[in-house]
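Shown next, in structure tokens, is the structure this report addresses.
Order of appearance sets the numbers: ligands from 1, and atoms from 1 within every ligand. Source: prediction; values computed, not measured.
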Amino acid sequence: MLMACTSLKLAGWVIAAAIVFGSVGCNRSREDAHAREVATRVRTEFLHAWTNYEKYAWGHDALKPLSKTPQDWYGQSLLMTPVDALDTLILMKLDKEAAKAKELIVKNLSFDRDVYVKNFEITIRLLGGLLSSYQLTNDKQLLDLADDLGNRLLAVFNSPTALPYVYVNLKTGQVRDAKTNPAETGTLLLEFGTLSKLTGKPIYYEKAKRALVETFKRRSSIGLVGSTINVETGGWMDADSHISGGIDSYYEYLWKCWLLFGDKDCQKMWHASIPAVNKYLADEVRGELWYGHADMNTGRLTASQYGALDAFFPAVLTHSGDVARARRLQDSSFKMWNMHGIEPEIIDYKTMQIVYNGYHLRPEIVESTYYLHHFTHDPRYRKTGEKIFEDFVKYCRVDAGYTALQDVVTKAKRDEMESFVLAETFKYLYLLFAPPDTLDFDKVVFNTEAHPLRRTD
Ligand code: DMJ
């Protein structure tokens, strides 16, 4: 290919054009070839994590990669890692591993358990994972599991406000914990809505949409939401507004529910919300764009904190058409990453000091890199992604998989590999470098756990 690229011999303007367009074409094909090599390395590393899950934690929720022991969230397994990882296995064409994981799920997964589970986590990881894997395989058993799970989760919405309780007992339908947040009340509609479309049962869509609307309705007069809300009174328990964990995916779903379902109410809620976020939470420091914390009632900035979770926002910005802001915020996220060659969970962007020094192998910065590359085709985003991947391998790879860091400065490790590492971090890294036909971006909307949900009519 390189020979063909450099040995063009033509005359006059044809030569000039051939040089310009030929070299662009050559650069592009060199970049693509390199990208495919990186994709292969990502796939190999994903397999390193997956095979160690198989070896040391098969049938359990997660692998603890330092002690090489299994972990179950609720004392009994709900197959968190296999369900979360299945669509990544499929997209990476790891057919043997995918078939084995699917068999484990359809044979062993039962939601008939006398156990309280966290509605938000179970919805984004399990319901989302089952639905996307169903759409990729057409295996009806996966949809039946999703339907059974959705039906058991519905009890969470039985509050005086229709906002969901935090926990539900999968067997008895009893609910508990009224103190929740906008991410937990507003990050359900992509999954419940898809379940409605696929089963023909409207109740899932109605309940999850109502919860989203009830959250939106409680925004302040300047358009912001707080971070803690009581589902029994509907009152805010604090006025702390931000885009970080606890609120983050509420905004993500306002946008994505409009995209996935064409739901005009979601479009309106998005357009009524995002200007306030950009007006009150965006902060300019040293000519850089960051998003901090503000009082939801006054809009006064209260803290200059940003972190690994906030780094999802460039993806939502670019997805919704605001590429300029997305690019600037991504530069800030990458600056945060490069402070120690791995991002801390939270920093103070004014002082550039660490506030919380852990790293949980989070995907958000990679997710935004992937979206920005998809929409701009700017090669710098693949370079960013490659640097992140190299650092990730350098500091987090261990004998039995990938492990979180206790401290991004010393690189001390902690015994944890969350299922989202396989569902999201590796998936977004892979898609950033993989051939475009791996997944038709325009035909799907990713839930907040990176499960691609196909548009259905
Ligand atoms: C994931 O479970 C989801 O991405 C969620 O929206 C936020 N937290 C983790 C990843 O960091």
Side-chain angles (χ1 to χ4, degrees), residues 49 61-62 71 73 78-88 117-132 164 166 180-192 208 212 215 225 227 242-257 260 291 306-317 319 333 336-337 342-347 356 358-371 388 392 396 402-405 408 414 416-429 431 445-453:
D61 279 336
Q71 187 211 356
W73 284 33
L78 292 173
L79 298 183
M80 214 68 84
T81 292
V83 175
D84 232 1
L86 180 54
D87 57 12
T88 312
V117 300
K118 198 166 194 193
N119 177 52
F120 166 76
E121 297 291 353
I122 295 299
T123 297
I124 65 169
R125 300 190 198 212
L126 293 188
L127 194 52
L130 289 168
L131 290 168
S132 71
V166 179
T180 186
N181 60 57
E184 292 181 357
T185 60
T187 312
L188 307 167
L189 183 51
L190 286 180
E191 299 81 359
F192 278 77
L212 186 60
T215 310
V225 292
S227 37
H242 52 79
I243 56 160
S244 198
I247 299 184
D248 45 10
S249 43
Y250 159 67
Y251 290 118
E252 180 185 346
Y253 274 34
L254 288 178
W255 172 251
K256 287 182 172 177
C257 289
L260 184 61
Y291 281 67
Y306 184 89
L309 285 162
D310 305 64
F312 83 104
F313 204 53
V316 176
L317 286 170
H319 206 192
S333 298
M336 171 174 74
W337 179 275
I342 286 279
E343 67 190 0
E345 182 78 352
I346 304 173
I347 62 163
Y356 170 34
Y359 173 59
H360 297 278
L361 308 170
R362 291 201 190 280
E364 286 77 4
I365 192 170
V366 187
E367 174 184 0
S368 288
T369 311
Y370 166 61
Y371 274 75
I388 291 172
F392 184 76
C396 305
Y402 274 76
T403 207
L405 299 184
V408 295
R414 79 187 253 144
E416 169 193 301
M417 184 174 81
E418 284 259 19
S419 65
F420 59 67
V421 180
L422 300 165
E424 295 194 75
T425 314
F426 276 110
K427 185 186 286 138
Y428 285 130
L429 276 170
L431 291 174
V445 172
F446 290 95
N447 87 335
T448 195
E449 189 78 0
H451 296 303
L453 300 172

Quiz item: Parallel, tilted or perpendicular: which fits the ring planes of Tyr402 and Phe392, with parallel below 30° and perpendicular above 60°?
Solution: parallel
Quiz prompt | Residues Glu416, Arg414: salt bridge by 4.0 Å N-O rule | solution = yes
Quiz item: Hey, does the side chain of Asn181 reach the backbone of Ile247 with a donor-acceptor pair shorter than 3.5 angstrom?
Solution: no
Quiz item: Are the side chain of Thr81 and the backbone of Asp61 linked by a donor-acceptor contact shorter than 3.5 Å?
Solution: yes
Under 3.5 Å, N/O to N/O: give me all the pairs between ligand 1 and the protein, one per line with atom names and distance.
unit_1   : atom_1 : unit_2 : atom_2 : d
ligand 1 : 2 (O)  : Glu449 : OE1    : 2.6
ligand 1 : 4 (O)  : Glu424 : OE1    : 3.3
ligand 1 : 4 (O)  : Glu424 : OE2    : 2.8
ligand 1 : 4 (O)  : Thr448 : O      : 2.8
ligand 1 : 6 (O)  : Thr448 : OG1    : 2.8
ligand 1 : 11 (O) : Arg362 : NH1    : 2.8
ligand 1 : 11 (O) : Glu364 : OE1    : 3.3
ligand 1 : 11 (O) : Glu364 : OE2    : 2.8

Exercise. Scan side-chain atoms only and decide if Thr187 and Thr448 contain a donor-acceptor pair under the 3.5 Å cut-off.
Key: no
Quiz prompt | Closest non-hydrogen atom pair between Lys427 and Pro452, with its separation | solution = NZ-CD, 4.4 Å
